[in-house]
Every structure is written in structure tokens, then in C-alpha cells.
J.: 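Shown below is the structure under consideration.
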Amino acid sequence: MLAHTGKRLTTRITDHVQGKLQMAADLVGATMNQFVVQAALEKADKVIESESTIVLTRRESLRLLELIDNPPPRNEKFRSAQARYQRIKNDVSSTAE
């Protein structure tokens with residue numbers, strides 16, 4: 001199922017949880033470790049996907065496109081934040097040299 005990489009994950013579980021995981025692993029013909037790793041990877045993929053995607057309604061997407069095409073005028077708060085960003089950016093680049 002997965003190649004051995006030498007990394008180890010250790011956790012404590014109750015007898016009930018171990019029994020349930022073992023039963024599920026047996027049903028799919030895997031070791032408990034293989035089953036747990038595969039299940040964790042599947043869950044990780046779902047979490048990464050759901051947290052990396054923004055779903056907008058048609059109305060919201062049209063509003064976003066409108067704001068991109070015609071951004072509102074920059075107010076004083078925006079100009080102040082932009083100047084602060086430039087100062088920080090310049091400070092970081094001058095210390096990196």
C-alpha cells in the first residue's frame with residue numbers, strides 16, 4: 001500500500017477504537033497501520049481541498065469581477081497601509097543584503 005519511509009506516528013487509543021480500526025482494516029485487507037495512514041491521508045486531502053477553495057454564488061463572482069475591473073478609489077487608510085507595507089518591505093530587503 002505505502003512504501004516504508006522510516007517515519008513513525010505514535011498515538012494512544014482506547015480498546016474500543018483499536019477494535020473498530022482493526023475490524024475496518026480487516027474488511028479491506030490491510031494492516032491497521034496501513035488503514036489508519038490511508039484514512040488520514042484521505043481526510044488530509046479533503047481538508048486541504050476544502051480550505052483551499054472558495055465557492056462563490058454567481059452574484060458574488062460577478063461582484064468580484066466588477067471590483068477587479070473597476071476597483072474603488074484608494075482612501076487614506078489604504079494609502080497609509082500601502083506606505084507602511086513599502087517601508088517594511090524595504091527594511092527587510094536592505095537587511096537581507
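What you are looking at is a predicted structure, and each value in this text was computed from that prediction instead of being measured. We're numbering straight along the sequence, starting at 1.
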J.: Can you measure from OG1 (Thr14) to NZ (Lys20) and round to the nearest 0.5 angstrom?
T.: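 The OG1 atom of Thr14 sits 10.0 Å away from the NZ atom of Lys20.
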J.: Just how far is it from atom CD1 of Ile48 to atom OG1 of Thr53, taken to the nearest 0.5 Å?
T.: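 Those atoms lie 11.0 Å apart.
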J.: Just jot down the salt bridge (Lys or Arg N to Asp or Glu O under 4.0 Å) partners of Arg8, sequence neighbours excluded, or say none.
T.: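 For Arg8 there are no salt bridge (Lys or Arg N to Asp or Glu O under 4.0 Å) partners, ignoring immediate neighbours.
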J.: Can you sort out the partners of Thr31 under side chain to side chain donor-acceptor pair (under 3.5 Å), two or more places apart, ordered by chain and number?
T.: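 Applying side chain to side chain donor-acceptor pair (under 3.5 Å) to Thr31 gives Gln34.
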J.: Who are the side-chain contact (heavy atoms from CB on, under 4.5 Å) partners of Arg84, not counting sequence neighbours?
T.: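 Scan of Arg84 (side-chain contact (heavy atoms from CB on, under 4.5 Å), adjacent residues dropped) gives Ser80, Ala81, Arg87, Ile88.
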J.: Grouping I, L, V, M, F, W and Y whenever their side-chain heavy atoms are under 4.5 Å apart, do Leu21 and Val28 come out in a common cluster?
T.: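 Shared cluster, yes.
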J.: Rounded to the nearest 0.5 Å, what's the gap from NZ on Lys89 to CD on Gln82? Could you check?
T.: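 If we round to the nearest 0.5 Å, Lys89:NZ and Gln82:CD are 10.0 Å apart.
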J.: Pairs in or reaching into residues 23-47: which pass salt bridge (charged side-chain N to carboxylate O under 4.0 Å, His left out), with residues at least two apart or in two chains?
T.: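 As it turns out, there is no salt bridge (charged side-chain N to carboxylate O under 4.0 Å, His left out) pair with a partner in residues 23-47 once direct neighbours are skipped.
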J.: Kindly give the cluster partners of Val55, where membership spreads through any ILVMFWY side chain lying under 4.5 Å from a current member.
T.: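 None; Val55 is a cluster of one.
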J.: Any chance CZ of Arg74 has more than 12 other-residue heavy atoms, nucleotides or ligands included, within less than 6.0 Å?
T.: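 Atom CZ in Arg74 is not crowded, with 12 or fewer foreign heavy atoms closer than 6.0 Å.
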J.: Answer with yes or no whether the hydrophobic clustering places Leu56 together with Leu65; edges join I, L, V, M, F, W, Y residues whose side-chain heavy atoms lie under 4.5 Å apart.
T.: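 As far as the 4.5 Å side-chain criterion goes, Leu65 and Leu56 are not connected within one cluster.
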J.: Would you name the heavy atoms of Ala24 and Phe35 that are closest together and state the gap between them?
T.: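 Answer, listing the atom of Ala24 first, then Phe35: CB-CZ, 3.5 Å.
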J.: For Met23, look at atom CE and say whether over 12 heavy atoms of other residues, nucleotides or ligands are found less than 6.0 Å away.
T.: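 Counting neighbours around CE of Met23, 12 or fewer heavy atoms of other residues, nucleotides or ligands fall under 6.0 Å, so no.
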J.: Working to the nearest 0.5 Å, report the span between CD of Gln22 and CD1 of Ile13.
T.: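 One finds 9.5 Å between CD of Gln22 and CD1 of Ile13.
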J.: Determine which pairs satisfy salt bridge (charged side-chain N to carboxylate O under 4.0 Å, His left out) with at least one residue from residues 49-69, sequence neighbours left out, and list them in order.
T.: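 Qualifying pairs: none.
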J.: Given the rule that I, L, V, M, F, W and Y join up when any side-chain heavy atoms are under 4.5 Å apart, are Ile54 and Ile68 in one cluster?
T.: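 Yes: a chain of side-chain contacts under 4.5 Å links Ile54 to Ile68.
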